[in-house]
Number of protein chains: 2
Amino acid sequence: MDHRHRSATQSDVAKEVGVSRTLVSFAFRGAPGVSDETKQAIFEAAKRLGYRPNAVAADLARKHRSAVGLYLMDIRNEVYADILSGVRTALPQDRNRLILSVSRSIDGEDQGALESLIEARVGIIIAATLLDSEERVRELAHIVPLVSVTRPVEGVDSVYSDDAAGARAATEHLIGLGHTRIAHLAGPVYDGHTVRRQSYAKTMRDAGLKPLMLAAEDFTQDAGQRAATELLSMTERPTAIFTHNDQLALGAREAAYAKGLSVPSELSLVGYDNSRTSGLHGIDLTSVDLHATELGQIAGTVALERLSNPEAPVADRRVTPKLVVRSSTAPPARVT
Amino acid sequence: MDHRHRSATQSDVAKEVGVSRTLVSFAFRGAPGVSDETKQAIFEAAKRLGYRPNAVAADLARKHRSAVGLYLMDIRNEVYADILSGVRTALPQDRNRLILSVSRSIDGEDQGALESLIEARVGIIIAATLLDSEERVRELAHIVPLVSVTRPVEGVDSVYSDDAAGARAATEHLIGLGHTRIAHLAGPVYDGHTVRRQSYAKTMRDAGLKPLMLAAEDFTQDAGQRAATELLSMTERPTAIFTHNDQLALGAREAAYAKGLSVPSELSLVGYDNSRTSGLHGIDLTSVDLHATELGQIAGTVALERLSNPEAPVADRRVTPKLVVRSSTAPPARVT
DNA sequence: CTGAAAGCGCTAACAT
DNA sequence: ATGTTAGCGCTTTCAG
């Protein structure tokens, strides 16, 4: 294994062929003004020398920056992985410089993560912010074009799912089944994620029911299990739980089984995300599908549009979620 | 929303303060030789002007490249998400320019994906290759430092799990339970992923049993379900299936239920990856844990070491997998 | 402590 | 059709 990792430059190629640097640059970008013969010679020499274009230097020389930055909270959460996946499919082949930045810890500062993206001089950032205030996101958007995904931010390109509608559908589904003691298992309170719980509370009150909310320490299954255990230890325990996401719901499910309660006969459960796991036989979790992949795809498209037209009006793309009913929900057990 | 996205440069700051560009550069890197007063003045001016360091230009000017490239197949697969997560934790705060490249389609060419990473001039690439031949990986490693993760490549820094041992443990577990008709559900045949099936076949033969292999179209649950359906339609159907990964196993599980077969009484199932889903109540899938997060972590560390010492001997870090026995495996039904 | 000058690899007018 | 000449924003000797 040799270690001469300094790759050849355009000048090297130019020298080899006996032409100027410019010609090489033109040849590689398919710009007009290079004879076919010269082009051939250049490509051959390039190949011989192992020349590779330097996209970074090109970006620097050009006014415009071509990389797309993606900021996500937690890549292990299927929702974010799906968003990433969607963004990727929206980006054309040659534009695949996707710089990823994942926040280090969910409750730590994600200062650095977003900052590093702007230091990397990406042309645009697609961000699933959560911890930051809308104000801060707006500020950021002044520094570098930004499209907010999963969360609407006034004055900033936004691509999101209608969380209010999703939470309402979930809650109404439970109410419709006859439940009255319906709890909501939320995540920690952040600026960006309060719509679902608010919608839940409003729907409950509109139905003349009393909201019962508990916030988990984070968005993981373990946190969900701990919080749900608490919920299920109440004297008048809820007969149904609607959770902020599927991971919390799966945690609640474990908590129920640990307590010897079966789902759905003794506890109805509704999650959010419609992750792949929720559809498995034996899990069959009723869940709200927010169409994460589609969200990512649209965000990618919006980003591309913004890049090509900075003056276009602010985009606001709202996707409608869909309640997927499975067998983790049923009417409450007859009161004994 | 204004659109003056051209950020301030070091010269702007220098001009504002009334010093030379160099000073500003020094100040921001904490290099010695700048008086505290000047430093203060510079930072204030920078803040006022909204100056942000340009990491890309810095890399260009410096000899060395600081970004880390990560090449993965499919981010929706928990294993790869975990690897990413592990790599991230290994990278220090200030070194968080992680450029991600995901292969577009699993059976398409991933030519472009790896190529784009080297055009982005990353300092090192951490790659979970699969489709490429070892030869090609070695070639790539000559162009840019590369550490291969999940797969050993001779002559290249490698971090991987002992697949032979994992597959053997899984197969022996099944044999130990008394199964004789044990099938292996593999993924498509690629250079990088044949160890598990080979180890399975060898273990079977060593026990005097006949291997029965079937390759799914890809590594997804759906493909697993289709392939398993075929397997379970045989006249002398297997009493146990060991799959290449958990997704295939979950697909097989669905196939079994669709056929009215229950797990484990009529079919034993062993997966690979020990994904979070496999531990859920009602799923309880016996699986081999390859410690993906740890793999990513080690890969990140190895990458950092390689960067700081190009002449160090080639790293070969093998992690030992662990069979996690749950209730998807049991002795075969008594022959009737 | 501070500044001038050269250069990283490439692009983009502007010549010829 | 091909070459010249400036930069892009930053780092880094080498002199003051």
Side-chain angles (χ1 to χ4, degrees), chain A residues 5-43 45-46 49-67 94 97 116 118-123 143-144, chain B residues 5-42 45-46 49-67 94 97 118-123 143-144:
Chain A
H5 282 309
R6 208 201 62 83
S7 40
T9 74
Q10 286 191 341
S11 333
D12 294 333
V13 177
K15 212 168 297 169
E16 175 88 0
V17 184
V19 295
S20 82
R21 275 216 316 292
T22 317
L23 267 300
V24 180
S25 174
F26 274 49
F28 269 92
R29 270 173 304 137
V34 188
S35 70
D36 283 350
E37 296 172 51
T38 322
K39 216 180 282 187
Q40 280 310 320
I42 288 176
F43 288 151
L49 268 50
Y51 165 75
R52 309 280 175 150
N54 183 333
V56 164
D59 255 29
L60 183 58
R62 223 171 336 201
K63 317 282 295 187
H64 107 288
R65 5 225 71 142
S66 68
D94 57 306
R97 237 159 83 243
S116 82
I118 105 163
E119 288 184 12
R121 286 303 188 273
V122 295
I143 298 169
V144 55
Chain B
H5 282 309
R6 207 200 64 82
S7 39
T9 74
Q10 285 191 342
S11 331
D12 294 333
V13 178
K15 212 168 298 166
E16 175 86 0
V17 183
V19 296
S20 80
R21 275 215 318 291
T22 318
L23 267 300
V24 181
S25 174
F26 274 49
F28 268 93
R29 270 173 304 135
V34 188
S35 69
D36 283 350
E37 296 173 51
T38 323
K39 217 181 281 188
Q40 280 310 320
I42 289 176
L49 268 50
Y51 166 76
R52 311 280 176 148
N54 184 334
V56 165
D59 256 29
L60 184 58
R62 223 169 336 199
K63 317 282 292 187
H64 108 287
R65 6 225 70 142
S66 69
D94 57 306
R97 239 159 81 243
I118 105 162
E119 289 184 11
R121 286 303 188 273
V122 295
I143 298 169
V144 54

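Sequence lines set the chain letters: A, B, ... in the order given, protein chains first and strands last, and positions in each chain run from 1.
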Open item on the list: Expressed as a whole number of angstroms, how long is the span from B:Leu49:CG to D:dG9:C1'?
Closed with: 15 Å

Open item on the list: Can you measure B:Leu23 atom CG to C:dC1 atom C1' for me and round it to whole angstrom units?
Closed with: 8 Å

Task: Side chain of A:Ser20 - closest among D:dT4, D:dT11, C:dG9 - done: D:dT4

TODO: Starting at atom CG of A:Asp59, determine the distance to atom P of C:dC8, rounded to an integer number of angstrom.
DONE: 19 Å

What protein N or O atoms touch nucleotides 12-16 of chain C N or O atoms at under 3.5 angstrom, if any, and at what distances?
unit_1: C:dA12; atom_1: OP2; unit_2: A:Arg29; atom_2: NH1; d: 2.8
unit_1: C:dA12; atom_1: N6; unit_2: A:Thr22; atom_2: OG1; d: 3.3

Task: Min side-chain heavy-atom separation B:Lys39-B:Asp36 under 4.5 Å - done: yes

TODO: Scan A:Ser11 against the nucleic acid and name what it touches under 4.0 Å (heavy atoms): base, sugar-phosphate only, or nothing.
DONE: nothing

Open item on the list: Donor-acceptor check, side chain of A:Asp59 to backbone of A:Arg65, threshold 3.5 angstrom: yes or no?
Closed with: no

Open item on the list: Within the 4.0 Å heavy-atom criterion, would you say A:Val19 contacts the bases, only the backbone, or no part of the nucleic acid?
Closed with: sugar-phosphate

TODO: Using atom NZ of B:Lys15 as one end and atom P of C:dA4 as the other, report the distance to the nearest whole Å.
DONE: 13 Å

Task: Within-4.5 Å side-chain heavy-atom neighbours: A:Arg121 and B:Arg52 - done: yes

TODO: Please state how far atom CZ in B:Phe28 lies from atom C1' in D:dC10, giving the value in whole angstrom units.
DONE: 13 Å

Open item on the list: In whole Å, I'd like the distance from the CG atom of B:Leu60 to the P atom of C:dA6.
Closed with: 18 Å

Task: Heavy-atom closest contact (B:Val56 atom, A:Val56 atom, distance) - done: CG1-CG1, 3.0 Å

Open item on the list: Let me spell it out: for each of A:Pro53 and B:Asp36, pick the nucleotide of DNA chain C with the closest heavy atom. Which residue's pick is nearer the 5' end?
Closed with: B:Asp36

TODO: Using side chain to side chain contact (heavy atoms under 4.5 Å, CB included) as the criterion, point out the one residue from A:Thr38, A:Asp12, A:Val19 that pairs with A:Val24.
DONE: A:Val19

Task: Nucleotide nearest A:Ala58 (side chain, heavy atoms from C-beta), chosen from D:dC10, D:dA1, C:dC10 - done: C:dC10

Task: Rounded distance (Å) that lies between atom P of D:dA1 and atom CD1 of A:Ile42 - done: 13 Å

Open item on the list: Ignoring hydrogens and geometry beyond distance, is a side-chain donor-acceptor pair present between A:Ser25 and A:Arg21 at under 3.5 Å?
Closed with: no

Open item on the list: At 4.0 Å (heavy atoms only), tell me whether B:Tyr51 reaches a base, stays on the sugar-phosphate, or touches nothing.
Closed with: sugar-phosphate

TODO: Would you mind reading off the distance between A:Glu119 atom CD and D:dC10 atom P, rounded to a whole angstrom?
DONE: 10 Å

Open item on the list: Does either side chain, that of B:Arg97 or that of A:Ser116, offer a donor lying less than 3.5 Å from an acceptor on the other one?
Closed with: no

